[in-house]
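Order of appearance sets the numbers: ligands from 1, and atoms from 1 within every ligand. Just so you know, these numbers use all the heavy atoms, side chains as well, and skip hydrogens, waters and symmetry mates. Residue numbers start at 1 and run along the sequence shown.
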Amino acid sequence: QAKSAGRNTQRFFDPQMQAQVNARAHLESDLRHAIHDGELQVYYQPVMNGHGQLLGAEALVRWRHPGRGLVMPIEFIDLAEQTGLIVDLGTFVMRTACEQLAAWAANPSTQCLTIAVNVSPRQFRNAGFVDEVLAIVDETGADPSKLKLELTENLLLGDVNETVCRMRELKERGVGFSLDDFGVGYSSLAYLKRLPLDQLKIDRSFVNDVLSDVNDAVIVRTILALAHNLELEVVAEGVENAGQVDFLVSNGCERFQGYHFGRPVPISEFERLHGFAPCA
Ligand code: C2E
Ligand code: MG
Ligand code: MG
Ligand code: MG
């Protein structure tokens with residue numbers, strides 16, 4: 001017993017592991033400050049229809065770290081989720097997106113645009129979530145029917161009844177729901193039917209190889225057929241070239257997001273790049 005404890009103790013002081021623990025603690029304290037010091041920024045990536053018309057944007061968080069430059073979500077979202085910092089981070093993104101919706105609503109050429117906001121499981125399950133979203137919508141004057149919340153299949157690992165209740169409360173006010181990264185997570189078709197969703201987003205890993213991998217082509221076609229039968233909108237994520245667009249269009253996909261249409265960019269650049277035509 002003592003011997004194994006000793007061994008464990010020694011492992012804990014493994015310098016490499018200790019360095020990782022330190023780096024993580026450092027990142028956590030940096031992130032805690034970042035949220036309150038205004039280092040977080042929201043980028044917007046266009047969502048378009050098959051005619052190349054702008055339908056809206058997905059809000060994607062970035063961290064302008066004073067020493068490290070632009071830090072991508074893959075480096076801090078998991079940590080934020082584990083430490084609970086995701087709640088404050090999420091509030092910031094939600095408020096920023098709703099302020100943008102309110103600004104767009106004032107102009108006839110942008111009032112039809114939607115914004116999608118990613119909501120991680122811990123954020124969604126936080127007791128105050130529904131009230132907070134509604135308060136932000138009211139305070140900013142955003143039209144809730146232009147707001148889409150992107151959930152992931154991980155959320156289904158929790159209490160599905162509770163999830164459905166919360167979604168309904170927000171849907172009553174007009175907020176829409178999208179299931180992000182569809183196909184790679186904890187999928188269950190039974191749950192898919194129970195959730196009051198409006199939209200599925202086909203994970204970009206399937207879209208990526210759709211022209212070269214027969215299996216991915218079949219999966220994408222199947223997801224499109226499934227979504228249409230369930231009367232859900234579909235967005236194909238990670239569309240990088242015209243060949244992928246052709247494949248998707250010929251299989252009935254009507255919404256697209258990816259580098260082929262535009263990368264995530266700050267709002268000023270988004271408005272400059274994507275200009276705006278009057279709403280259809
Ligand atoms: P996601 O919600 O699936 O967002 C799409 C990701 O795919 C974005 O990465 C986007 O930049 C990237 N992407 C879009 N088009 C293409 C393409 O054509 N090719 C390739 N290779 N990638 C493309 P990003 O911004 O790094 O975000 C990564 C993930 O971090 C997001 O995946 C989302 O799960 C999470 N995330 C980002 N912002 C937030 C946030 O505000 N809150 C929460 N909870 N999660 C966020
Ligand atoms: Mg998303
Ligand atoms: Mg996604
Ligand atoms: Mg995601």
Quick one: are His274 and Leu54 in side-chain contact, heavy atoms under 4.5 Å? yes
Taking the six-membered ring of Tyr259, is NZ or CZ of Arg263 closer than 6.0 Å to its centre and within 45° of its axis? yes
Looking at Glu237, which atoms of ligand 1 are within less than 4.0 Å of one of its heavy atoms? 3 (O), 5 (C)
Which part of His260 is near ligand 1, with near meaning a heavy atom under 4.0 Å away: side chain, backbone, both or neither? neither
Below 4.0 angstrom from a heavy atom of Glu240, which ligand 1 atoms are there? Numbered from 1 as shown, please. 17 (C), 18 (O), 19 (N), 20 (C), 21 (N)
Below a 4.0 angstrom heavy-atom separation, can you tell me which part of Asn118, side chain or backbone, both or neither, approaches ligand 1? both
May I ask you to check whether over 12 heavy atoms, not counting those of His33, lie within 6.0 Å of atom NE2? no
On a heavy-atom basis, which atom in Arg62 and which in Phe76 lie closest, and how many Å separate them? C-CZ, 4.4 Å
So if I count the atoms of ligand 1 from 1 in the order they appear, which ones are less than 4.0 Å from some heavy atom of Asp180? 1 (P), 2 (O), 3 (O)
Ligand-side contact atoms (ligand 1) for residue partner Met72, heavy atom cut-off under 4.0 Å: 26 (O)
Any idea how Phe124 and Phe129 line up, ring-wise: parallel (<30°), tilted (30 to 60°), or perpendicular (>60°)? tilted
Considering the heavy atoms of Ser120, write down every atom of ligand 1 situated less than 4.0 Å from one of them. 44 (N)
Test item, Gly238 contacting ligand 1 (heavy atom, 4.0 angstrom): yes
Evaluate the criterion salt bridge (Lys or Arg N to Asp or Glu O under 4.0 Å) for residue pair Glu58 and Lys201; output intermediate values, then yes/no. CA-CA 12 Å; Glu58 177 172 3; Lys201 297 187 84 170; 2.9 Å; yes
Honestly, for Gln45 the part within reach of ligand 1 (heavy atoms, under 4.0 Å) is side chain
Without swapping roles, check the side chain of Arg255 against the backbone of Val234 for a donor-acceptor pair under 3.5 Å. no
Checking contacts here: is it the side chain or the backbone of Arg263 that comes within 4.0 Å of ligand 1, counting heavy atoms only? Could be both or neither. neither
Does ligand 1 have an atom that lies less than 4.0 angstrom from a heavy atom of Gln257? no
Got a second to check how far Asn251's CG is from Ile223's CD1, nearest 0.5 Å? 12.0 Å
Any N/O/S of Glu150 under 2.8 Å from the Mg ion (ligand 3)? no
Need the ligand 1 atom indices (1-based, order shown) with element for anything under 4.0 Å from a heavy-atom of Val239. 18 (O)
Donor-acceptor check, side chain of Asp14 to backbone of Gln16, threshold 3.5 angstrom: yes or no? yes
Assess the residue pair Glu28 and Arg24 against the criterion (salt bridge (Lys or Arg N to Asp or Glu O under 4.0 Å)); give the C-alpha distance rounded to whole Å, side-chain angles, the decisive distance to 0.1 Å, and a yes or no. CA-CA 6 Å; Glu28 181 183 339; Arg24 205 186 124 95; 5.2 Å; no
Metal proximity, Asp203 vs the Mg ion (ligand 3), N/O/S cut-off 2.8 Å: no
Give a yes/no verdict on whether any heavy atom in Glu81 is under 4.0 Å from an atom of ligand 1. no
Measuring from atom 24 (P) of ligand 1, which candidate in Gly258, Ala236, Pro46, Pro73 has the nearest non-hydrogen atom? Pro73
The atom of Glu58 among N, O or S that is nearest the Mg ion (ligand 2) is OE2
Between Arg173 and Asp138, is the salt bridge (Lys or Arg N to Asp or Glu O under 4.0 Å) condition met? List the steps. CA-CA 11 Å; Arg173 290 286 307 272; Asp138 289 340; 3.0 Å; yes
Counting only heavy atoms not in Leu70, do more than 12 sit closer than 6.0 Å to its CG atom? yes
Atom indices of ligand 1 within 4.0 angstrom of Ile77 heavy atoms, with elements: 43 (C), 45 (N), 46 (C)
Counting backbone and side-chain atoms alike, is an N, O or S atom of Asn118 positioned under 2.8 Å from the Mg ion (ligand 2)? yes
Show, in sequence, the C-alpha distance, side-chain angles and deciding distance for Arg125 and Glu162, and conclude whether the salt bridge (Lys or Arg N to Asp or Glu O under 4.0 Å) test is met. CA-CA 8 Å; Arg125 290 204 197 95; Glu162 178 68 30; over 6 Å; no
Which of the atoms in ligand 1, numbered in the order shown and given with their element, are less than 4.0 Å from a heavy-atom of Asp181? 3 (O)
Any idea which N/O/S atom from Asp180 gets closest to the Mg ion (ligand 3)? OD1
Atom of Asp181 nearest the Mg ion (ligand 3) (restricted to N/O/S, atom name only): OD1
